[in-house]
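Here is the structure we will look at, set down as structure tokens.
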Amino acid sequence: MVSSRSFVVSKQPSLPYPCKRPLIIKTSTQFLVTARFLVNFQELRHRMKVSFKIDKYPAEIKGYRRFNLLGSQEKDLEYTQCDGLAVEFKHLTLKEQRAGGGGKGSKGVNEGSRSVQEELHIITLMTQFSYDGVELNIEATTLPFVVISNQSQFVRAWASILWFNLLSTDPKDVAFFSKPPAAKWILVADVLSWQFSCCTGRGLNADQLQMLGKKLCGSVPNQDSTVTWSKFAKESMPRVSFTFWEWFDAILTLVKAHLENIWKDGYVMGFVSRSAEDALLRTRQQGTFLLRFSESMRDGGITISWVDHESDGKVCQCT
């Protein structure tokens, strides 16, 4: 039986990026979307035309931006050996609609209390099925994605994508960040470890996660501990001017770019507090050293601490 579930998006909107982070689109930058029709009737090739529309059902939110989706407006479903009936929209670009005559930089539709990284959009692909007397209008939708205009917004946009896919029960809820729910710490811990695992080949152990949990929960987390969206990605951490997510993602980038091999081999302890570091080195022999991630550097940093002996024989720790 043919149903709306027969038409699916097989490749979500994404930009080229080393860590393969999908569902973030930059204005005026090309991307692609592909879809498949799972009812494999070869007779239908070139008979089913597919069109698209962005935000067909827009959120009723103050300041919600509107976009024009530019590219080939209609294409045929074509038969491929690997995917069956499929369509690929290449070279799509987004251009923001400007309000009134304000021109570039005007507030217009951009005015609102939430950041652009908390604004979600959806592309709807539409086709008509007609076969053996059965006619149906069928739609497939992408997952919600974030539209940025500057590469500096990319890190926070990825935090939004993670939070939505971790907690949303409705894959079309573009108003999700109007009131984002808190997450169980155990879920957040899995996401943080997964980020390291997929990008560097090694996840986070229980001690490393406990240190991160203290930062997000204020104390050693337990199974009932929760993390708010604001704590995760909006509020600056104590004594610094950046958020937890900005700090965490910068460390991930640092490891990927410069420390991946020794991280995978387990030579970087990484996420350990200064007090825990002192306790670990206090009883160690001279020359013992420890590599941990700096807690005060926004762009990611590594701190090296080692054990040395003073002239009177007392053990000291150097950083």
Side-chain angles (χ1 to χ4, degrees), residues 12-15 17 19 21-29 31 54-55 57-69 93-100 102-123 142-183 187-188 191-192 195 215-216 226-238 240-253 298-300:
Q12 299 291 337
S14 61
L15 294 173
Y17 190 76
C19 285
R21 295 177 170 182
L23 299 171
I24 302 173
I25 300 302
K26 186 174 180 290
T27 53
S28 302
T29 302
F31 65 98
I54 186 171
D55 298 326
Y57 310 102
E60 297 297 325
I61 300 173
K62 179 183 178 182
Y64 190 76
R65 295 173 299 165
R66 301 292 193 271
F67 293 92
N68 294 323
L69 181 54
T93 56
L94 288 176
K95 184 175 182 180
E96 185 176 352
Q97 298 176 8
R98 296 294 178 179
K104 187 174 181 179
S106 67
K107 291 288 184 179
V109 293
N110 297 319
E111 200 169 45
S113 59
R114 289 177 297 113
S115 68
V116 298
Q117 297 95 321
E118 295 175 296
E119 188 180 278
L120 301 174
H121 300 268
I122 286 176
I123 293 173
T142 66
L143 291 171
F145 56 87
V146 174
V147 181
I148 61 175
S149 57
N150 190 294
Q151 198 65 24
S152 64
Q153 300 167 330
F154 191 94
V155 171
R156 291 189 179 185
W158 183 240
S160 297
I161 295 300
L162 290 176
W163 205 258
F164 176 87
N165 286 282
L166 179 66
L167 297 173
S168 178
T169 57
D170 179 0
K172 298 181 181 180
D173 183 13
V174 292
F176 174 82
F177 284 102
S178 294
K179 192 176 181 181
L187 294 177
V188 177
V191 167
L192 297 177
Q195 284 288 278
K215 282 189 170 294
L216 286 169
T226 59
V227 180
T228 66
W229 167 240
S230 290
K231 283 286 187 182
F232 185 75
K234 296 191 74 173
E235 298 176 8
S236 293
M237 294 187 294
V240 294
S241 60
F242 45 86
T243 68
F244 170 87
W245 177 254
E246 288 171 328
W247 170 75
F248 179 86
D249 190 75
I251 289 172
L252 180 57
T253 302
R298 180 193 188 106
D299 297 324

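Everything quoted here is computed from the prediction, not taken from an experiment. These numbers come from the heavy atoms of this one structure, side chains and all, not from hydrogens, waters or symmetry mates. Throughout, numbering of the chain's residues begins at 1 and tracks the sequence.
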field: Test side-chain contact (heavy atoms from CB on, under 4.5 Å) applied to S236 - qualifying residues, sequence neighbours left out
entry: none

query: Closest heavy-atom contact between A157 and I148?
result: CB-CG2, 3.9 Å

- line: Value for CG (D299) from CH2 (W247), rounded to nearest 0.5 Å, stands at 13.5 Å

message: Students often mix this up, so state it plainly: with edges at 30° and 60°, are the rings of F67 and H121 parallel, tilted or perpendicular?
response: perpendicular

query: Listed by chain and number, what are the side-chain contact (heavy atoms from CB on, under 4.5 Å) partners of E235, not counting sequence neighbours?
result: S230, K231

message: Quick one, F145 and L94 - any side-chain contact, counting heavy atoms below 4.5 Å?
response: yes

message: Taking the side chain as everything from C-beta on, heavy atoms only, tell me whether F177 gets closer than 4.5 Å to I61.
response: no

Partners meeting side-chain contact (heavy atoms from CB on, under 4.5 Å) with A233 (sequence neighbours left out): A159, W229, W245

query: How long is the gap from CD1 on I161 to CD on Q117, to the nearest 0.5 Å?
result: 11.0 Å

message: Test side-chain contact (heavy atoms from CB on, under 4.5 Å) on L120 and V146; report intermediate values, then the result.
response: CA-CA 5 Å; L120 301 174; V146 174; 3.9 Å; yes

query: How far does NZ of K234 sit from OG of S115, to the nearest 0.5 angstrom?
result: 6.0 Å

query: Would you say the side chain of L187 lies within less than 4.5 Å of the side chain of V191, judging by non-hydrogen atoms?
result: no

Partner residues of K26 under the salt bridge (Lys or Arg N to Asp or Glu O under 4.0 Å) criterion, sequence neighbours left out: none

- prompt: Which heavy atom of F176 sits nearest a heavy atom of L167, and at what distance?
  reply: CZ-CB, 4.1 Å

Beyond-backbone contact of L143 with F164, side-chain heavy atoms, under 4.5 angstrom: no

- request: Report the distance from atom CZ of R98 to atom CZ of R66, rounding to the nearest 0.5 Å.
  value: 14.5 Å

statement: Heavy-atom closest pair (S14 atom, P22 atom, distance to 0.1 Å) is CB-CA, 3.6 Å

query: Less than 4.5 Å apart, any side-chain heavy atom of V116 and any of V147?
result: no

- line: Heavy-atom closest pair (A183 atom, L166 atom, distance to 0.1 Å) is CB-CD2, 4.1 Å

- request: Using the side-chain contact (heavy atoms from CB on, under 4.5 Å) rule, take R21 and F154 through it: C-alpha gap first, then chi angles, then the decisive distance, then the call.
  value: CA-CA 10 Å; R21 295 177 170 182; F154 191 94; 3.8 Å; yes

- prompt: side chain to side chain donor-acceptor pair (under 3.5 Å): which pairs involve residues 157-179, sequence neighbours left out?
  reply: W158-Q195

Heavy-atom pair of closest approach, residues V227 and F232: CG1-CB, 4.2 Å

message: I'd like to check Y57 versus V174 (side-chain heavy atoms, cut-off strictly below 4.5 Å). Are they in contact?
response: no

message: I need the single residue from E96, Q97, K95 that forms a side chain to side chain donor-acceptor pair (under 3.5 Å) with N68. Which is it?
response: Q97

- request: First locate atom CD1 of I123, then atom CD1 of I25, and finally report the distance between them rounded to the nearest 0.5 Å.
  value: 7.0 Å

query: What pairs with E246 under side chain to side chain donor-acceptor pair (under 3.5 Å), at least two apart in sequence or on another chain?
result: R156, T243, R298

Side-chain heavy atoms of L23 within contact of P13, under 4.5 Å: yes

Within-4.5 Å side-chain heavy-atom neighbours: D55 and Y64: yes

statement: Rounded to the nearest 0.5 Å, the CG atom of D249 sits from the CG atom of L162 at a distance of 9.0 Å

